[in-house]
Amino acid sequence: MDRILIAEDDASIREELSQLLRANGYQVVEEPPCELALLDINLPGENGFERCRKLRMHSDVPVIFLTARGSAEDELLGFGMGADDYIRKPYHSSVLLARIERLLRRKNSTLLTSRELTLDLAGMKVTFRDRSAELTKNETRILACLMRKELCTREEIIEDLWQNSLYVDENTLYVNINRLREKLKKLGAADYIRTVRGVGYRL
């Protein structure tokens, strides 16, 4: 049963959403872990944008903003924070359920395989033969890049990970690569990630 996080400060709307989701086979939660998050923007304390930003630091689960705030600026900011969809209130139940189903279907089909490695993008987990390890968001994206292309330049990986972030340098990438190598080594997949001098890395 997929778990859906609801962050909504209006008690009546929260109860309405909870009943709708439970009636359609979902489990409702208030905190991670979850398979999808429904976030309002106007929340007490931390607003929805901040909650989305923090969720994105450790999880790639689909995020839908469900809010009465309908400006283009808010919508753009929501997508900039990592949201997958933005739905304005009042919402149509059938449309909301369809969008939830679409995002969960996309999430549940994100498996990559290469040689004897299997990468679960949604669960951020790598499996080698019969052993598995949890990965961070950055480790997952690095391994996904390598599994899709086999040979990736340092620049390609940095762009894929952080997309022009000012906080990224080659040393940060080097640290993430080494941590990923150590996790693969513990699974028995030593030397799967190789350095190509002057270029980048290959699987």
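The basis for the numbers below is simple: all heavy atoms, side chains too, and nothing from hydrogens, waters or symmetry mates. None of these values were measured; they are calculated from a predicted model.
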Joint cluster assignment, [X] & [Y], ILVMFWY side-chain distance < 4.5 Å:
X    : Y    : result
Y201 : F128 : yes
L143 : I177 : yes
V29  : V63  : yes
V175 : V126 : no
L96  : L103 : yes

M81 and R56: side chain to side chain contact (heavy atoms under 4.5 Å, CB included), yes or no, with the steps? CA-CA 8 Å; M81 288 291 176; R56 278 287 171 262; over 6 Å; no
Is it the case that atom [atom1] in [X] sees more than 12 heavy atoms from other parts of the structure closer than 6.0 Å?
X    : atom1 : value
K89  : NZ    : yes
K185 : NZ    : no
E30  : CD    : no

Exam field: side chain [X] to backbone [Y], donor-acceptor pair closer than 3.5 Å:
X    : Y    : answer
E156 : T153 : yes
S114 : L117 : no
R129 : A189 : no
E182 : R179 : no
R3   : Q27  : no

Distance, nearest 0.5 Å, that separates [atom1] of [X] from [atom2] of [Y]:
X    : Y    : atom1 : atom2 : result
L203 : L184 : CG    : CG    : 8.0 Å
L119 : L121 : CG    : CG    : 4.5 Å
Q19  : R14  : CD    : CZ    : 12.5 Å
I41  : E8   : CD1   : CD    : 11.0 Å
Y26  : L104 : OH    : CG    : 5.5 Å
M57  : K54  : CE    : NZ    : 8.0 Å

Quick one: do E75 and R88 satisfy side chain to side chain contact (heavy atoms under 4.5 Å, CB included)? Show the steps, please. CA-CA 10 Å; E75 187 169 353; R88 295 175 178 83; 2.5 Å; yes
Can you give me the closest heavy-atom contact between [X] and [Y], atom names plus distance?
X    : Y    : result
E134 : K183 : O-NZ, 3.1 Å
A7   : L39  : CB-CD2, 3.6 Å
E50  : N47  : N-OD1, 2.8 Å
C52  : A83  : SG-N, 4.1 Å
L43  : R51  : CD1-CD, 3.8 Å
I157 : C152 : CG1-CB, 3.7 Å

Among N176, D191, T195, exactly one meets side-chain hydrogen bond (donor to acceptor under 3.5 Å, both in side chains) together with R181. Which residue is that? T195
Would you sort out whether D74 and R69 count as a salt bridge (Lys or Arg N to Asp or Glu O under 4.0 Å), showing the intermediate values? CA-CA 7 Å; D74 284 331; R69 289 170 57 166; 3.0 Å; yes
Evaluate the side-chain proximity of [Y] to [X]: yes if any heavy-atom separation is below 4.5 Å, no if none is.
X    : Y    : value
V28  : I4   : no
L173 : I142 : yes
Y192 : R202 : no
R154 : Y174 : no

Is the centre of the F49 ring less than 6.0 Å from the centre of the F65 ring? yes
From the list I13, D10, D9, L66, side-chain contact (heavy atoms from CB on, under 4.5 Å) partner of D40 resolves to D9
Pair R99 + D85, salt bridge at N-O below 4.0 Å: yes
Could you walk me through whether L36 and L5 satisfy the side chain to side chain contact (heavy atoms under 4.5 Å, CB included) test, starting with their C-alpha distance in whole Å, then the side-chain angles of each, then the deciding distance to 0.1 Å, before giving a yes or no? CA-CA 6 Å; L36 183 143; L5 181 152; over 6 Å; no
Begin with the C-alpha distance, continue with both residues' side-chain angles, and end with the deciding distance and a verdict on side chain to side chain contact (heavy atoms under 4.5 Å, CB included) for I64 and I87. CA-CA 7 Å; I64 298 176; I87 300 175; 3.8 Å; yes
Does a side chain donor of either T127 or S132 reach within less than 3.5 Å of an acceptor in the other side chain? yes
